[in-house]
Amino acid sequence: MNSFSYTRVHDVATAVREMVGDNSAQFIAGGTNLIDLMKENVARPRRLIDITHLPFHTIEDTADGGLRLGALVTNADTAYHEQVEKRYPLLAKSILAGASAQLRNMATNGGNLLQRTRCYYFYDTATPCNKREPGTGCSALDGFNRMHAILGTSDQCIATHPSDMCVALAALEAVVRVTGKNGDRTIPFADFHRLPGDTPQLDTNLRPDELITAIDLPAKGFADHYMYLKVRDRQSYAFALVSVAAALEMDGDIITEARLALGGVAHKPWRDREAEALLSGKRAAKENFQQAAETVVRGAQGFGHNTFKIELAKRAVVRAFQQAAAMEQ
Ligand SMILES: Cc1cc2nc3c(=O)[nH]c(=O)nc-3n(C[C@H](O)[C@H](O)[C@H](O)COP(=O)(O)OP(=O)(O)OC[C@H]3O[C@@H](n4cnc5c(N)ncnc54)[C@H](O)[C@@H]3O)c2cc1C
Ligand code: SF4
């Protein structure tokens with residue numbers, strides 16, 4: 001048994017102070033991921049800092065016409081918030097595609113961004129895993145890798161980021177607001193999560209003492225033409241094999257702006273600006289969506305059990321864009 005202490009903090013300064021210089025401490029919010037990791041002996045924090053009483057429980061308008069989602073608002077309250085449903089239905093749909101109703105009632109927005117991979121070997125402490133124990137090797141490379149990544153992999157790790165919410169946030173160009181011992185800063189969503197490279201133990205660019213306070217959504221929500229398509233083994237309670245957040249701005253049947261991000265294919269939500277640019281000024285036609293889909297997988301590599309994902313990703317991109325374009329106004 002691993003013993004640990006538990007401290008509930010009530011202000012941000014104390015929360016940050018509790019973390020500074022102690023890499024055995026960890027924040028806990030809804031606990032839906034961290035407690036599982038502790039039970040499996042994958043995470044072994046010596047101190048748990050409960051942040052649920054910090055003041056990050058609101059959803060508010062921002063001065064530039066966007067919306068600020070507090071880090072401690074639950075996934076359920078975010079998805080069903082009137083302004084999110086109306087202005088950012090892509091985000092609402094992606095959240096509701098994840099986990100189960102009970103989990104979404106506990107899970108927080110900050111925790112969703114920081115949930116860890118679902119790679120079986122990461123959870124199995126009897127097997128080598130560079131993410132869990134750097135330098136031990138990657139069991140998935142030659143193992144059962146059906147859930148694993150096809151884009152942006154390294155010879156150190158081929159894990160995927162499991163979040164659905166984050167795929168929509170990538171497409172919407174959200175910004176993560178954080179605070180730490182050096183003060184506040186903002187991180188564009190594209191720079192928040194990392195590719196594995198030689199440091200697969202690092203999932204994000206958040207510093208150890210930093211706390212996520214909120215996620216800002218820009219004014220543009222693509223509420224008229226959007227789709228979150230999640231392909232998975234079961235209709236609920238299953239992580240994505242491939243997911244696609246597709247959003248379009250249209251003038252008649254001409255695309256004026258496209259956004260595209262994929263989940264289940266990489267160590268981070270995979271946004272592809274080249275594929276998006278290809279669609280700009282084009283008709284919302286299947287052949288153009290197919291061209292965008294081919295572009296997305298241009299660097300894809302399968303590892304045996306997961307090679308089917310390359311074709312699956314292409315088809316999912318085409319279908320998501322077709323459904324987004326076909327929405328009646
Ligand atoms: C059975 C099951 C199925 C699931 N299916 C899906 C799915 O299909 N799609 C999907 O997207 N997700 C799924 N999830 C994951 C779920 O969405 C996450 O577990 C949840 O979002 C994590 O939020 P939390 O508040 O519980 O985080 P916690 O477990 O409390 O924390 C997770 C991590 O985030 C850190 N942390 C939390 N909040 C902050 C903060 N504000 N600042 C800094 N660090 C912080 C913690 O230190 C910890 O490292 C599933 C989970 C389970 C258990
Ligand atoms: S894919 Fe990454 S998380 Fe999975 S075993 Fe390899 S190093 Fe570990």
Side-chain angles (χ1 to χ4, degrees), residues 12 15-16 19 25-39 42-43 45 48-52 54 56 70-76 78 94-100 102-124 127-145 147-149 153-168 176-180 196 200-201 203-204 206-215 230 232 234 236-240 243 263-264 267 269 303 306:
V12 177
V16 171
M19 294 301 278
Q26 223 171 327
F27 293 129
I28 183 161
T32 61
N33 189 216
L34 183 55
I35 296 292
D36 278 356
L37 291 165
M38 289 171 69
K39 285 197 247 175
V42 175
L48 278 188
I49 314 300
D50 178 346
I51 56 171
T52 54
L54 296 184
F56 310 137
L72 290 167
V73 181
T74 65
N75 285 177
T78 304
S94 71
I95 294 172
L96 295 176
S100 65
Q102 292 91 335
L103 282 160
R104 293 192 297 265
N105 285 339
M106 285 300 292
T108 64
N109 292 334
N112 193 305
L113 269 55
L114 295 173
Q115 62 176 296
R116 306 219 64 193
T117 184
R118 292 283 159 173
C119 171
Y120 334 103
Y121 303 105
F122 176 69
Y123 272 81
D124 180 355
T127 59
C129 168
N130 286 325
K131 186 180 279 298
R132 184 172 22 79
E133 280 184 57
T136 55
C138 172
S139 300
L141 277 171
D142 297 317
F144 186 56
N145 48 40
M147 290 296 289
H148 288 74
T153 55
S154 76
D155 59 5
Q156 301 284 308
C157 178
I158 58 170
T160 55
H161 191 265
S163 168
D164 291 293
M165 179 183 190
C166 290
V167 184
V176 186
R177 302 181 74 85
V178 308
T179 192
Q201 69 276 19
D203 294 344
T204 72
L206 196 68
R207 297 176 193 135
D209 63 285
E210 281 181 328
L211 184 63
I212 300 175
T213 58
I215 302 157
K230 179 175 180 181
R232 49 187 151 170
R234 292 185 306 274
S236 86
Y237 215 52
F239 290 90
S243 70
H267 199 256
F303 294 88
N306 72 345

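Counting starts at 1 for both ligands and their atoms, in listed order. The structure presented is a predicted model; accordingly, all values stated were derived computationally and were not measured. Side chains are part of it too, since the values below use all heavy atoms of this structure and drop only hydrogens, waters and symmetry mates.
- Residue contacts with ligand 1: Asn33 is placed with a nitrogen or oxygen under 3.5 Å of a nitrogen or oxygen of the ligand (distance criterion only).
- Of the polar atoms of Ile51, none of the N or O atoms is found under 3.5 Å from an N or O of ligand 1, judged by distance alone.
- Ligand 1 has a nitrogen or oxygen under 3.5 angstrom from a nitrogen or oxygen of Ile212.
- For atom 2 (Fe) of ligand 2, the set of nearby N, O or S atoms under 2.8 Å includes one belonging to Cys157.
- Taking 4.0 Å as the cut-off, Lys230 counts as a neighbour of ligand 1 on heavy-atom distance.
- Counting only distance, with no hydrogens or angles, the side chain of Asp209 and the backbone of Gly180 share no donor-acceptor pair below 3.5 Å.
- Taking distance alone, with nitrogen or oxygen atoms compared against 3.5 Å, Ala99 approaches ligand 1 more closely than that limit.
- Counting protein heavy atoms only, atom 21 (O) of ligand 1 is closest to Asn112 CA, 3.1 Å.
- Neither the backbone nor the side chain of Arg132 comes within 4.0 Å of ligand 2, counting heavy atoms alone.
- Nearest non-hydrogen protein atom to atom 4 (Fe) of ligand 2 is Cys119 SG, 2.3 Å.
- Distances shorter than 4.0 angstrom do not occur between any heavy atom of Ala43 and any atom of ligand 1.
- Using a 4.0 Å heavy-atom cutoff, Ser139 is listed among the residues neighbouring ligand 2.
- Here Val178 has no heavy atoms under 4.0 Å from ligand 1, in either its backbone or its side chain.
- Between Leu211 and ligand 1, no N or O atom pair is found at a separation short of 3.5 Å.
- Scanning the protein heavy atoms around atom 11 (O) of ligand 1, the nearest turns out to be Asp164 N, 2.8 Å.
- Pairing each heavy atom of Met19 with each of Pro208, the nearest pair is CE-O, 3.8 Å.
- The single protein non-hydrogen atom nearest to atom 1 (S) of ligand 2 is Ile158 N, 3.3 Å, given as residue, atom name and distance.
- Geometrically, ligand 1 and Ala71 share no nitrogen or oxygen pair separated by less than 3.5 Å.
- For atom 3 (S) of ligand 2, the closest non-hydrogen atom of the protein is Cys129 SG, 3.6 Å.
- Considering only non-hydrogen atoms, atom 33 (C) of ligand 1 lies nearest to Leu114 out of Val176, Asp203, Leu114, Leu206.
- In terms of N/O distances under 3.5 Å, ligand 1 is approached by Phe27.
- Inspection of the Asn112 and Gln115 side chains reveals an N or O donor paired with an N or O acceptor under 3.5 Å.
- The closest heavy-atom contact to atom 28 (P) of ligand 1, among the options Cys166, Gly31, Gly111, comes from Gly31.
- Checked against a 3.5 angstrom limit, the closest N/O atoms of Ala97 and ligand 1 fall outside it.
- What you find for Phe27 and Ile51 is that their closest heavy atoms are CD2-CG2, 3.4 Å.
- Protein heavy atom nearest atom 52 (C) of ligand 1, with residue, atom name and distance: Leu103 CD1, 3.5 Å.
- One side chain, Asn109 or Thr78, offers a donor N or O that lies under 3.5 Å from an acceptor on the other.
- Among the atoms of Thr32, some N or O lies under 3.5 angstrom from an N or O of ligand 1.
- Here the heavy atom of the protein found nearest to atom 25 (O) of ligand 1 is Thr108 OG1, 2.6 Å.
- Nearest protein heavy-atom neighbour of atom 6 (Fe) of ligand 2: Cys138 SG, 2.3 Å.
- Of the protein's non-hydrogen atoms, the one nearest atom 51 (C) of ligand 1 is Arg118 NH2, 3.6 Å.
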